[in-house]
Amino acid sequence: MDTNKLPAPRTPLYLEVGFKRNYAREESKGTLKNISISGAFIEFHGETFRANEKLYLRFVVSGRERKIAANVIWSNSLGCGIKFAPANNRDVQIVDDLIYFVENNRDGRRDVLDKIFKKVS
């Protein structure tokens, strides 16, 4: 089996993002619905994208604004799938930190729920 063609594991999330096309002046709003180290799905309404269009994403994690470039891979009426286009290791670290932040917060909530349910049982 060729593992290079398998999609990277996705982490579900709900994170509001701003994004704009390479040539756009105005920023649009959307929601990251899942993310991996290589790409993400952005849900949005009222925009149409073509494959290979370049986007710039802006989001806030732990109070810090982050920006990263991406290319549209596919698009439909619900949103688009993007592939990150990291310019350097810092960009890769931004995505990795976001995934870690989402997974770590999810695990933290799970611990709280586990404690609540264990006390009740």
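Below, all heavy atoms of this structure are taken into account, side chains as well, without hydrogens, waters or symmetry copies. This chain uses plain numbering: 1 for the first residue, then up along the sequence.
- Contact check for Leu57 versus Ile82: side-chain heavy atoms found under the 4.5 Å cut-off.
- Taking each heavy atom of Pro9 and Ser36 in turn, the nearest pair found is O-CB, 3.1 Å.
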What side-chain donor-acceptor pairs closer than 3.5 Å can you find for residues 85-100, not counting sequence neighbours?
from	atom 1	to	atom 2	distance (Å)
Asn88	OD1	Arg90	N	3.0
Asn88	OD1	Asp91	N	3.0
Asp91	OD2	Ala87	N	2.8
Gln93	NE2	Asp97	OD1	2.7

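- Within a 6.0 Å radius of CD in Glu16, no more than 12 heavy atoms belonging to other residues, nucleotides or ligands are found.
- Cluster annotation: Val72 and Leu32 are assigned to the same hydrophobic cluster (Ile/Leu/Val/Met/Phe/Trp/Tyr, side-chain heavy-atom contacts under 4.5 Å, transitive).
- Here the side chains of Phe59 and Arg64 are not in contact, with every heavy-atom distance at 4.5 Å or above.
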#### Entry: Audit row: Val102, Ile35, side chain to side chain contact (heavy atoms under 4.5 Å, CB included) steps and yes/no
CA-CA 10 Å; Val102 169; Ile35 191 168; 5.6 Å; no
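- Residues satisfying the side chain to side chain contact (heavy atoms under 4.5 Å, CB included) test with Ala24, not counting sequence neighbours, are Lys20, Arg21.
- Nearest approach of Arg10 to Asn34, heavy atoms of both residues: CD-OD1, 3.3 Å.
- With rounding to the nearest 0.5 angstrom, the OH atom of Tyr23 is 4.5 Å from the CD atom of Glu53.
- No donor-acceptor distance shorter than 3.5 angstrom exists from the side chain of Thr31 to the backbone of Lys33, with no hydrogens or angles considered.
- Between Ser77 and His45 the shortest heavy-atom distance is O-ND1, 4.5 Å.
- Between Leu55 atom CG and Cys80 atom SG the span is 5.5 Å, to the nearest 0.5 Å.
- Atom CG of residue Leu13 and atom CZ of residue Phe101 lie 10.5 Å apart, to the nearest 0.5 angstrom.
- Considering only heavy atoms from C-beta on, Val17 comes within 4.5 Å of Ile42 through its side chain.
- Nearest heavy atoms, Ile37 versus Phe84: O-CD1, 3.8 Å.
- For Lys29, the side chain to side chain contact (heavy atoms under 4.5 Å, CB included) test picks out Glu27, Arg58, with sequence neighbours left out.
- Using bins of under 30°, 30° to 60° and over 60° for the plane-to-plane angle, the ring pair Phe44/Phe49 lands in the perpendicular bin.
- The shortest distance between side-chain heavy atoms of Glu103 and Thr11 falls below 4.5 Å.
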